[in-house]
Colleague: 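Input: one structure, supplied below.
Treat the numbers as computed from the prediction; the structure is a model and nothing was measured. Numbering starts at 1 and runs along the sequence shown.
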Amino acid sequence: MSRVEMVNPQDTSGEKKDILGQIQKAFGVTPNMFKTIGNSTAALKMMWAGFGALGAGKIGTKLGEQIAVAVANENRCEYCLAAHTALGKGAGLSDETMAQAQAGKSSDPKTQAALTFAIKLVKERAHISQADVESLRKVGFTNDEIAEILAHVALNIFTNYTNVAFDVPVDFPKVQLR
């Protein structure tokens, strides 16, 4: 049971109802995370807009989902780990690729660099060095892609904290934390 009441999308109105309707259309259901953060229209709007903006970004859905599971595992967020594992598989990533990403690993050097950077951002609370940024450039990431990787980490920290702090019930197939 969530530590805060989950909103019933049918009992809302205005902008909140519109956003929850978009989420319902995108997922086929309204995930519990959105029902929980939906107590605040501003927070719901921020979260949904973040997903929309990054979904249209340059690094692509697959890398975004790999970053999400690595960050979720690091932050011990069972909800986001389950949700982003399912979304990654839906984007065409294999069970093995998602399990590797959860552990911060990839056989692709560019993906590995992004995952290493993402995990370091979380562990070091963004206190990284120029060498950390250069490690991304060395494998071919541009400045805008590097900024996008950071944005994915920041959005996932927001969703991880939402789900962990409010103990949001997982409504995706569960995945074991490492």
Side-chain angles (χ1 to χ4, degrees), residues 1-57 59-93 95 98-99 101-104 115 118-119 121-126 147-178:
M1 178 104 176
S2 181
R3 292 184 177 118
V4 297
E5 186 177 328
M6 289 190 281
V7 226
N8 181 339
Q10 283 71 37
D11 296 338
T12 62
S13 60
E15 190 173 22
K16 185 183 292 187
K17 186 171 191 75
D18 292 342
I19 296 168
L20 290 170
Q22 292 170 28
I23 294 166
Q24 166 77 30
K25 186 176 179 184
F27 286 92
V29 297
T30 305
N32 288 338
M33 176 182 72
F34 294 107
K35 291 178 190 175
T36 303
I37 202 67
N39 280 286
S40 163
T41 301
L44 176 65
K45 187 176 178 180
M46 177 188 164
M47 186 182 282
W48 187 238
F51 281 118
L54 292 176
I59 69 166
T61 303
K62 290 179 180 181
L63 180 54
E65 296 303 341
Q66 290 172 292
I67 290 168
V69 297
V71 171
N73 194 74
E74 190 63 35
N75 284 324
R76 313 291 299 154
C77 181
E78 293 176 343
Y79 190 99
C80 287
L81 180 58
H84 289 287
T85 297
L87 292 168
K89 289 177 188 178
L93 295 169
D95 289 338
M98 294 309 292
Q102 180 185 349
L115 294 174
I119 291 170
L121 281 168
V122 174
K123 283 183 175 179
E124 302 297 327
R125 298 198 176 12
E148 213 171 282
I149 291 168
L150 180 120
H152 273 275
V153 172
L155 177 60
N156 282 286
I157 289 171
F158 175 35
T159 62
N160 292 173
Y161 282 21
T162 297
N163 293 304
V164 172
F166 295 150
D167 197 22
V168 177
V170 179
D171 51 355
F172 289 88
K174 291 196 178 191
V175 177
Q176 220 33 51
L177 289 166
R178 292 181 179 264

Colleague: Where does the angle between the aromatic ring planes of W48 and F27 fall among parallel (under 30°), tilted (30 to 60°) and perpendicular (over 60°)?
Modeller: tilted
Colleague: Looking only at heavy atoms, which two atoms of L115 and A101 are closest? And how far apart?
Modeller: CD1-CA, 4.1 Å
Colleague: What pair of heavy atoms forms the shortest contact from N32 to P169, and how long is it?
Modeller: ND2-O, 3.0 Å
Colleague: Could you go through I67 and I59, starting from their C-alpha distance and side-chain angles, then the distance that decides it, and tell me whether this counts as side chain to side chain contact (heavy atoms under 4.5 Å, CB included)?
Modeller: CA-CA 11 Å; I67 290 168; I59 69 166; 3.9 Å; yes
Colleague: Return the CD1 to SG distance between I157 and C80, rounded to the nearest 0.5 Å.
Modeller: 11.0 Å
Colleague: Taking atom CZ of R76 and atom CG of N163, what is their separation to the nearest 0.5 Å?
Modeller: 14.5 Å
Colleague: Could you point out which residue of E15, K16, K35 forms a side chain to side chain contact (heavy atoms under 4.5 Å, CB included) with L44?
Modeller: K16
Colleague: Side chain to side chain contact (heavy atoms under 4.5 Å, CB included) between K45 and I19: does it pass, once the steps are laid out?
Modeller: CA-CA 7 Å; K45 187 176 178 180; I19 296 168; 3.8 Å; yes
Colleague: Which pair of non-hydrogen atoms, one from A118 and one from V71, has the smallest distance, and what is that distance?
Modeller: CB-CG2, 4.4 Å
Colleague: Does atom CD of E5 have more than 12 heavy-atom neighbours, drawn from other residues, nucleotides or ligands, at distances under 6.0 Å?
Modeller: no
Colleague: Using the test side-chain contact (heavy atoms from CB on, under 4.5 Å), find all partners of T162 that sit at least two apart in sequence or belong to another chain.
Modeller: M33, I37, M47, F158, F166
Colleague: Are a donor atom and an acceptor atom from the side chains of N160 and Y79 found within less than 3.5 Å of each other?
Modeller: no
Colleague: Nearest 0.5 Å, what's the CD-CG distance between E65 and L93?
Modeller: 8.0 Å
Colleague: What's the shortest heavy-atom distance between C77 and L177, and which atoms?
Modeller: N-CD2, 4.1 Å
Colleague: Check step by step if side chain to side chain contact (heavy atoms under 4.5 Å, CB included) holds for L54 and L155.
Modeller: CA-CA 9 Å; L54 292 176; L155 177 60; 3.8 Å; yes
Colleague: Side chain of Q102, backbone of T85: donor and acceptor closer than 3.5 Å?
Modeller: no
Colleague: Less than 4.5 Å apart, any side-chain heavy atom of N156 and any of H84?
Modeller: yes
Colleague: Where is the tightest heavy-atom contact between L20 and P9, given as atom of each residue plus distance?
Modeller: CD1-CA, 4.0 Å
Colleague: State which residues pass side-chain contact (heavy atoms from CB on, under 4.5 Å) with A91; sequence neighbours excluded, sorted by chain then number.
Modeller: T61, K62
Colleague: Give a yes or no answer on whether the side chain of N73 reaches the backbone of R178 with a donor-acceptor pair at less than 3.5 Å.
Modeller: yes
Colleague: Rounded to the nearest 0.5 Å, how far does CG of D171 lie from OG1 of T30?
Modeller: 9.5 Å
Colleague: If you take all heavy atoms of G38 and V7, which pair is closest and at what distance?
Modeller: C-CG2, 3.4 Å
